[in-house]
K.L.:
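A single structure is presented below for examination.
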Amino acid sequence: MFLTITTTGTPEHPATDLGFLLHKHPDKAQAFSTSFGTAHVLYPEAEDQRCTAALLLEVDAVALVRRGRGKGRGGAPDAALAQYVNDRPYAASSLLAVALSNVFSSAMRGVCKSRPERAAEPLPLRVEVPALPARGGPGLVQRLFEPLGWAVTVEAVPLDTEFPEWGDSRYVRLVLESAALTLAEALRHLYVLLPVLDDAKHYWVSPDEVDKLLRAGEGWLPGHPEHKLITSRYLSRRWSLTREAMDRLELIRLAETDDSDVEDIDNAVAQETAPEAEEKPTPLAVHRREAILTALRDHGAARVLDLGCGEGHLVRELLKEPRFTEIVGVDVSVRALTIASRRLKLDRMGERQAARVNLFQGSLAYTDKRLGGYDAAVLSEVIEHLDLPRLPALEYAVFGSARPRTVVVTTPNVEYNVRWETLPAGHVRHRDHRFEWTREEFRTWAEAVAERHGYTAEFRPVGPEDPEVGPPTQMAVFTQAANDPKTANDPKTAKTAKTADENQKEAKAA
Ligand code: SAH
């Protein structure tokens with residue numbers, strides 16, 4: 001595994017300053033032993049005009065396997081041979097990344113006592129990796145490096161030059177060039193993105209990898225268009241770690257984009273006058289919130305529950321309209337609520353605004369006294385997140401126990417899925433959706449709910465309606481039937497209010 005970094009210079013700023021910046025003298029080759037082999041640093045050229053440092057990694061496959069086994073992840077004995085015979089020694093870009101951070105740790109932090117000004121300023125840089133395993137191919141390599149200010153040259157390496165018909169290997173030859181980056185930035189890009197491209201299992205992934213990723217990603221990862229893919233691959237697709245990292249990145253982004261969030265910027269751009277922007281369709285989430293606000297206005301709601309409020313987008317819209325005097329966001333996810341509270345800047349809000357809004361954690365699968373007495377409740381894209389057997393519990397908590405005058409429910413229309421170009425056939429829109437309903441299924445459910453609890457249901461399409469498959473989102477607006485014996489303060493209803501326990505038993509029985 002081999003990587004070179006080249007810079008060019010002038011007599012006042014000789015290229016050989018690279019040696020100071022890397023803390024490795026150009027005149028001698030140096031070797032560093034690491035837990036999986038030896039890293040060599042040498043300078044194939046070191047002139048004032050041009051200087052190249054090479055990092056060569058000699059991987060000891062045996063040490064590597066032993067190390068893995070020492071950590072209790074060695075695998076079955078008959079798998080042992082496969083562990084020795086693999087491409088690690090030649091193409092271990094995740095090991096190269098570790099070596100980079102071991103050998104050039106000060107340079108990665110931008111520390112250089114003897115040339116501090118050079119460390120802080122952009123340099124003309126050229127990085128070359130002759131054989132880089134790249135899952136996702138040249139296209140992904142470009143998508144990862146170009147947004148960071150690199151000019152990218154990437155060529156697929158054929159499996160065998162004598163047999164071009166065999167196609168390309170999973171290796172590419174990569175050349176990166178930029179005059180806009182500091183050496184520390186360049187090293188941190190490589191440290192994160194080389195293993196991301198390799199996408200092999202890193203045996204060392206542990207919770208502190210999240211810290212390492214965020215440290216190395218400081219200043220460039222939060223805003224990177226591929227930050228999701230980078231995070232997930234870097235953390236070997238460990239869901240809990242990825243999620244933690246994504247949350248922390250989101251918080252960094254929120255802190256950076258001070259007065260507006262990313263979505264607002266998107267929308268603003270979509271509505272700008274630029275002709276090509278006009279063609280960009282309004283996001284479905286915007287249609288949905290507009291439809292919900294209209295329904296709430298139509299029914300004169302002032303005190304509103306946003307049940308399953310998620311990251312607080314609707315709460316934010318509600319806050320903009322003084323007619324909504326009290327807004328309560330409820331969600332089962334503390335993570336979502338934390339993001340909502342950051343997004344809404346609850347801590348910095350004026351007293352009067354702050355008095356209108358409240359966020360709290362709660363599960364809709366249980367009756368909850370705090371939800372009683374509101375004009376309206378919104379369940380926007382929430383019901384499909386519950387397992388079907390839990391749905392009666394939610395139904396009871398909202399329509400039986402909380403009983404707001406109006407309930408607005410939105411959910412995907414599964415029939416519309418064939419119109420999403422990016423959605424593979426038969427897939428739901430979100431991995432956490434437990435079900436998605438046809439218009440008929442939703443109507444049947446909603447009408448039965450209305451019937452059971454003394455409401456009437458009215459149906460409204462949300463988003464551009466397709467003549468065949470209907471709108472992308474479907475919405476039901478439930479209104480309490482006037483003079484219905486089952487309405488709010490009926491003591492009989494109150495008595496039949498079930499406890500969380502009973503609900504649970506019921507759901508289990510179902
Ligand atoms: N209403 C928001 C978020 C929809 S995502 C919007 O329209 O954009 C679904 C949300 O429901 C998630 O935030 C999830 O945490 C929440 N949720 C799922 N099950 C829940 C439950 N049992 N109780 C409360 N919230 C729940």
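Owing to the predicted nature of the structure, the values given are computational and were not obtained by experimental measurement. Read the numbers this way: they start at 1 and go in the same order the structure lists the ligands and their atoms.
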K.L.:
What residues, two or more places apart in sequence or in another chain, satisfy side chain to side chain donor-acceptor pair (under 3.5 Å) together with Ser380?
P.N.:
none
K.L.:
Salt bridge (Lys or Arg N to Asp or Glu O under 4.0 Å): which pairs involve residues 137-151, sequence neighbours left out?
P.N.:
Arg143-Glu226
K.L.:
Give, for atom OG1 of Thr456 and atom CD of Gln480, the distance between the pair rounded to the nearest 0.5 Å.
P.N.:
10.0 Å
K.L.:
Mind checking ring pair (Phe, Tyr, Trp, His ring centres under 6.0 Å) for His385 and listing every partner two or more places apart, or none if nothing turns up?
P.N.:
His430, His433
K.L.:
Between the side chains of Arg303 and Asp375, is the shortest nitrogen-to-carboxylate-oxygen separation below 4.0 Å, so that they form an ion pair?
P.N.:
no
K.L.:
Around ligand 1, what residues show up once you keep those with a heavy atom under 4.0 Å from it?
P.N.:
Gly308, Cys309, Gly310, Asp331, Val332, Ser333, Gly362, Ser363, Leu364, Ser380, Glu381, Val382, His385, Leu386
K.L.:
Salt bridge check: are Glu395 and Arg452 linked by an N-O gap of less than 4.0 Å?
P.N.:
yes
